[in-house]
Protein chains: 2
Amino acid sequence: MNQRQSLADGEAAGKAPPRRLGKNGDGAERHETIYRSISDAIIEHRLKPGARLREDALAEVFGISRTGIRKILQRLAMEQLVTLTPRRGASVTRPTAEEAKDVFDARQMVECGLMPDVARRITPEDVRELRDMANREREALKAGEQSRAIKLSAAFHERLARLSGNATLATFVGQLCSRSSLILAVYGNPGHLGCESHDHDDLIGYLEAHNGERAAAFMSRHLKAIEASLSIVEEEEEVPDLQRIFTSG
Amino acid sequence: MNQRQSLADGEAAGKAPPRRLGKNGDGAERHETIYRSISDAIIEHRLKPGARLREDALAEVFGISRTGIRKILQRLAMEQLVTLTPRRGASVTRPTAEEAKDVFDARQMVECGLMPDVARRITPEDVRELRDMANREREALKAGEQSRAIKLSAAFHERLARLSGNATLATFVGQLCSRSSLILAVYGNPGHLGCESHDHDDLIGYLEAHNGERAAAFMSRHLKAIEASLSIVEEEEEVPDLQRIFTSG
DNA sequence: ATGGCAACCATTGTATACGCATCGTGGCTC
DNA sequence: GAGCCACGATGCGTATACAATGGTTGCCAT
């Protein structure tokens, strides 16, 4: 149960004990930090799907009361990162196979559809930043830090979408990427991560050349490759095994 | 300030006074009802963009405490229907011109992209239901009930998206439609509503014939027509009414 | 020994109370 | 007479306390 400690080590680790400044201090800033801590922990698979998130524990770890935690938990629930069951509390969402398909279909449609806009609007400055992100991702991958690589990959895709200029679709892509991280945690094969490291570099190349069509096609293949790498075996649900087994027998 | 009364007349109007059952009764069901009441009021333009939503007033109207209202308000904020300013409280979102463009671009991409799937999966039963919705919308429009027509139109588009089988994209379309209703409230010309009544019927025809390509093209024109009907003049800010009035006199 | 029932405990849901920030108003001063 | 400062009120943010529910465990009866 050392998940509680691992939760706080985003950057709020040293803040929890001196909760004297909890009165106002930052105020709304604080919630954002805590939200990001939990969100990152989920995306980086430090909190695995199915893990229960008790309000009291979180409140104690982050030094705020349950009220604030509930607010954050609801926000995470709306982004489908945690599941709120009526009287059972919050737990990290365990995506179903159907949800996984929906998420990747949605990414296919939106991310590919955004590539022409991105290719048209991208600047040399953007290219530099994207390359930097891709480099950091590759390094993390090489160093064996899967957690950080996953988070960086999601951040890369979201940043890419944001370059399209459409803020609404960009945040939507961000949510899809977060959920994809969850899907990787459940259906991904260990050792074979989602994004191949050189894929992102190739994509940047097409975008730098303002070739939206090829970028879209490449993104499509890229996403298909990720989806294909999953082993979506419809794992048995909660209970119905018994019924199916014994009704067929 | 009779907005408060108009808020409750969704179907919770008679419930507010006998708040004796507020203890448990429905429980979580209640929140959903209240959420829908407020959401409908916004979508139907009974609550206009910029209208302030005081927590105390809402709590009193619906017979629950501010805690529950805050939860609902946050949910509405995440769907971009209300704006939460740090110390000023909640108000109905007033979409900017840029947001309007983003929303319609997103709808263009997603709704058109979904049409092939819808055309492939649609059943005679679905067609019947869609025609029924279109009829009700046309009747509302003919009866001059703009409010109901707007809500029905949004519901039609969301239902359509849900027929694609992709729940994630369907709820996203639903949110886009809600926001579109807000956009119509700000930038729409009175008397010239968004969706032409026969448009939806034509669209159903293409879908019934399983002609996804034409359905997508028609949806594209349909959305373009709605967007074109808007008068997106970068409207002046909050206060200048007084200034403009008295400087012109 | 096993199955059912009951009581307890853990945990969430809700309400209320308190603190603080901001905005408006009124009075005072220049 | 006008501008500025101060005080009061309104309304949000947070915490804490209480109530209700569901799960678990232990005991009793068959």
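A salt bridge does not link A:D117 to A:R121: none of the charged side-chain nitrogens sits closer than 4.0 Å to a carboxylate oxygen.
Judged as a salt bridge (charged side-chain N to carboxylate O under 4.0 Å, His left out), and not counting sequence neighbours, A:D102 has no contacts.
Between the side chain of A:Y187 and the main chain of A:P95, a donor-acceptor pair closer than 3.5 Å is present.
Put simply, B:H31 has a side-chain N or O that comes within less than 4.0 Å of OP1 or OP2 on C:dT14.
Look at CZ on B:R70: it is 8 Å from P on D:dC12, rounded to the nearest Å. If you measure from atom CD of A:E60 to atom P of C:dT11, you get 12 Å, rounded to the nearest angstrom. C:dT12 atom C1' lies 14 Å from atom CD1 of A:I69, rounded to whole Å. Separating the CD atom of A:E55 from the C1' atom of C:dA10 is a distance of 13 Å, rounded to the nearest angstrom. Straight-line distance from the CD atom of A:Q74 to the C1' atom of C:dT14: 12 Å, rounded to whole Å. When the P atom of C:dA15 is taken as reference, atom CD1 of B:I72 falls 11 Å away, rounded to whole Å. Rounded to whole angstrom, the span from the CG atom of A:L58 across to the C1' atom of C:dT12 amounts to 13 Å. Between the CZ atom of B:R52 and the C1' atom of C:dT22 there is a distance of 11 Å, given to the nearest Å.
Comparing atom distances between the A:S65 side chain and each of C:dT14, D:dA15, D:dC12 picks out D:dA15 as nearest. Nearest nucleotide to the A:T67 side chain, out of D:dG13, D:dA15, C:dA15: D:dA15. The B:D56 side chain lies nearest to D:dC12 when the options are D:dC12, D:dT14, C:dT12. When the nucleotides C:dT22, D:dT16, C:dT14 are ranked by their closest atom to the side chain of B:K71, C:dT14 comes out on top.
Defined by atom type and a distance below 3.5 Å, a donor-acceptor pair is present between the side-chain atoms of A:H157 and A:R107.
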Decide salt bridge (charged side-chain N to carboxylate O under 4.0 Å, His left out) for A:R94 and A:E99; before the verdict, give the C-alpha distance in whole Å, the side-chain angles of both, and the deciding distance to 0.1 Å. CA-CA 10 Å; A:R94 183 191 298 276; A:E99 284 170 4; over 6 Å; no
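Checked by distance alone, A:R87 brings no side-chain donor or acceptor within 3.5 Å of a matching partner on the base of D:dG23.
Nucleotides of DNA chain D nearest to A:R66 and A:R88 differ in position, and the one nearer the 5' end is that of A:R66.
Note on B:G68: nothing from the nucleic acid sits closer than 4.0 angstrom, heavy atoms only.
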